[in-house]
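Have a look at the structure below, then the notes.
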Amino acid sequence: MDITLAMNIPRDSSTLPLVRHLAKYSLGEIGVSRQCIGDVEVALTEACANVVEHTTAEDEYSVAIEITDHTCEIRVIDTGHGFDFETIGRNDADSGAEGGRGIQLMRALVDRIKFTSEPESGTIVHLVKELEFDRAKPFVKRPET
């Protein structure tokens, strides 16, 4: 199985549910477990929300989701100003803080995470989640027509 979903999205918070639902329903249709889908949904939403919050209206933004037999790989790409991913999100956010937990959440929910950030060129957030399938609803490959 090899499914690729790619989209260019307006940098607007109203598009976050669209991205989240596309991932959720795609994974659900192939029988991925609810827990695994939930992890992907939250990590993807956090990555996209960071773009919406920390880039400017002129910055471009895209999401690519690749689903194989074993993994879901997500790339959230923006053309913003970049950031220092080595220091941000490594330490626990203050318990009273309103924000600052997004990168920590992503690190906790996916199996691998990589940030590629170039000053004034943008950032790629690469998330990889090993898929777990619901035994009650296994994915059945349909014959090609």
Side-chain angles (χ1 to χ4, degrees), residues 1-134 137 139 141-142 144-145:
M1 166 180 43
D2 191 11
I3 300 168
T4 302
L5 309 165
M7 60 202 99
N8 293 317
I9 311 162
R11 196 200 128 271
D12 187 295
S13 61
S14 67
T15 62
L16 298 178
L18 169 69
V19 175
R20 184 176 62 245
H21 292 320
L22 186 59
K24 174 184 178 177
Y25 291 114
S26 296
L27 293 169
E29 283 296 315
I30 62 169
V32 174
S33 72
R34 284 185 178 180
Q35 177 65 47
C36 189
I37 292 171
D39 291 351
V40 170
E41 278 186 280
V42 173
L44 174 59
T45 301
E46 287 297 331
C48 293
N50 283 343
V51 170
V52 170
E53 182 178 343
H54 298 292
T55 60
T56 64
E58 297 79 34
D59 293 330
E60 295 177 12
Y61 162 50
S62 65
V63 176
I65 303 170
E66 296 176 34
I67 303 168
T68 68
D69 289 333
H70 305 287
T71 61
C72 177
E73 291 196 40
I74 299 168
R75 287 177 181 81
V76 178
I77 305 161
D78 73 70
T79 57
H81 52 75
F83 72 102
D84 181 5
F85 57 89
E86 291 295 333
T87 57
I88 296 175
R90 289 279 178 193
N91 300 318
D92 290 340
D94 186 319
S95 61
E98 288 284 325
R101 293 187 180 93
I103 293 175
Q104 290 172 287
L105 272 172
M106 287 185 278
R107 288 185 197 283
L109 294 171
V110 299
D111 297 296
R112 293 186 304 277
I113 185 170
K114 179 180 176 183
F115 298 95
T116 305
S117 189
E118 298 284 333
E120 305 308 318
S121 294
T123 302
I124 300 171
V125 179
H126 183 198
L127 308 170
V128 179
K129 179 71 173 176
E130 299 293 327
L131 297 178
E132 299 165 8
F133 290 86
D134 184 348
K137 185 182 174 186
F139 176 68
K141 291 185 180 181
R142 294 175 178 85
E144 293 188 30
T145 57

- Task: Just jot down the side-chain hydrogen bond (donor to acceptor under 3.5 Å, both in side chains) partners of Glu132, sequence neighbours excluded, or say none.
- Result: none
- Message: Please give me the minimum heavy-atom distance between Cys72 and Ile67, naming the atom from each residue.
- Response: SG-CG1, 4.3 Å
- Scanning both residues in full, the closest heavy-atom pair of Phe115 with Arg107 reads CE1-NH2, 3.9 Å
- Task: Side-chain contact test, heavy atoms from C-beta onward, threshold under 4.5 Å: evaluate it for Met106 versus Val125 and give yes or no.
- Result: yes
- Quick one: list whatever passes side-chain hydrogen bond (donor to acceptor under 3.5 Å, both in side chains) with Arg34, sequence neighbours left out. none
- Nearest heavy-atom contact between Val76 and Ile74 is CG2-CG2, 3.9 Å
- Task: Classify the side-chain pair Asp39/Gln35 by whether it contains a donor and acceptor separated by less than 3.5 Å.
- Result: yes
- Message: How long is the straight-line distance from CG of Leu109 back to CG of Leu127, given to the nearest 0.5 Å?
- Response: 9.5 Å
- Item | Validation row: Asp78, Asn50 side chains within 4.5 angstrom (heavy atoms) | no
- Under the side-chain hydrogen bond (donor to acceptor under 3.5 Å, both in side chains) rule, collect the residues that match up with Glu53, sequence neighbours excluded. none
- Note on the structure: Taking every heavy atom of Val51 against every heavy atom of Tyr61, the minimum-distance pair comes out as CG1-CD1, 3.5 Å
- Message: For Val52 versus Arg11, what's the shortest heavy-atom pair and its separation?
- Response: O-NH2, 2.7 Å
- Task: Using side chain to side chain contact (heavy atoms under 4.5 Å, CB included) as the criterion, list what pairs up with Leu5, not counting sequence neighbours.
- Result: Ile3, Leu22, Ser26, Ile65
- Message: Show the nearest heavy-atom pair for residues Ala23 and Leu44, with the distance to one decimal.
- Response: CB-CD2, 3.7 Å
- Pairing of Glu130 and Arg112 as salt bridge, 4.0 angstrom limit: yes
Could you pull out every donor-acceptor pair under 3.5 Å between side chains of residues 12-20 and any protein atom, sequence neighbours left out?
from	atom 1	to	atom 2	distance (Å)
Asp12	OD1	Ser14	N	2.7
Asp12	OD1	Ser14	OG	2.7
Thr15	OG1	Pro10	O	3.4
Thr15	OG1	Asp12	O	2.7

- Item | Between CD on residue Glu46 and CD on residue Gln104, distance to nearest 0.5 Å | 10.5 Å
- Within the side chain of Lys24, is there an N or O that forms a donor-acceptor pair under 3.5 Å with the backbone of Ile37? no
- Candidate pair Asp111 and Lys129, rule side chain to side chain contact (heavy atoms under 4.5 Å, CB included), full reasoning: CA-CA 5 Å; Asp111 297 296; Lys129 179 71 173 176; 3.7 Å; yes
- With sequence neighbours excluded, tell me which residues meet side chain to side chain contact (heavy atoms under 4.5 Å, CB included) with Ser62. Asn8, Ile77
